[in-house]
Amino acid sequence: MTEAPGLPERCYHCDAPLEDDRSVCPSCGRKQLRTCFCGHQIGYGMPVCPYCGADWSASSRVRRKSK
């Protein structure tokens, strides 16, 4: 699995600048990448996967019950 080109420079949630490891925000701790249906890592701000074309523009987070 590869990472998408053009990783974000700022956090999508708190707008803090991201450092060397851009997969986690140093300020709020949120992950900056998600796994697409095709298995590639893409940024949360990307509405369409550049690898398979999956539409993420209408996606929403699903809260799961803890066990």
Side-chain angles (χ1 to χ4, degrees):
M1 288 176 223
T2 59
E3 292 181 354
L7 289 173
E9 296 290 326
R10 301 188 75 77
C11 176
Y12 75 93
H13 181 71
C14 68
D15 202 36
L18 300 174
E19 297 174 1
D20 296 333
D21 179 20
R22 296 187 202 168
S23 62
V24 177
C25 177
S27 179
C28 68
R30 291 190 185 240
K31 292 181 181 178
Q32 300 298 306
L33 300 173
R34 63 176 156 203
T35 304
C36 183
F37 303 115
C38 64
H40 288 92
Q41 297 288 319
I42 62 172
Y44 273 98
M46 299 182 84
V48 177
C49 176
Y51 299 103
C52 69
D55 183 15
W56 287 90
S57 61
S59 68
S60 61
R61 293 189 67 141
V62 177
R63 250 189 125 147
R64 307 215 193 282
K65 292 182 180 179
S66 60
K67 293 183 178 184

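Positions are given from 1 along the sequence. It should be emphasised that the depicted structure is a prediction, and the values quoted were computed from it without experimental measurement.
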Exercise for the section: Take Cys36 and Cys52 through the test side chain to side chain contact (heavy atoms under 4.5 Å, CB included) and record every step on the way to the result. Expected result: CA-CA 9 Å; Cys36 183; Cys52 69; 3.7 Å; yes

Exercise for the section: Over all heavy atoms of both residues, which pair between Cys49 and Ile42 is shortest? Give the atoms and the distance, please. Expected result: SG-CG2, 4.1 Å

Problem - Note, Cys14 side chain near Cys25 side chain (heavy atom, < 4.5 Å) - result: yes

Exercise for the section: Mind listing the closest non-hydrogen atom pair of Met46 and Trp56 along with its distance? Expected result: O-CB, 3.9 Å

Problem - Distance-minimising heavy-atom pair for Pro26 and Leu18 - result: CD-CD2, 3.9 Å

Problem - Donor-acceptor pair, side chain of Gln32 and main chain of Arg30, under 3.5 angstrom - result: yes

Exercise for the section: Could you tell me which non-hydrogen atom of Gly45 sits nearest to which non-hydrogen atom of Pro47, and how far apart they are? Expected result: O-CD, 3.2 Å

Problem - Check: Arg10 side chain, Ala16 main-chain N or O, donor-acceptor pair, under 3.5 Å - result: no

Handout entry: Straight-line distance of Lys31 NZ to Gln41 CD, nearest 0.5 Å
Key = 9.0 Å

Handout entry: Minimum heavy-atom distance Val24-Gly29, with the two atoms named
Key = CG1-O, 3.8 Å

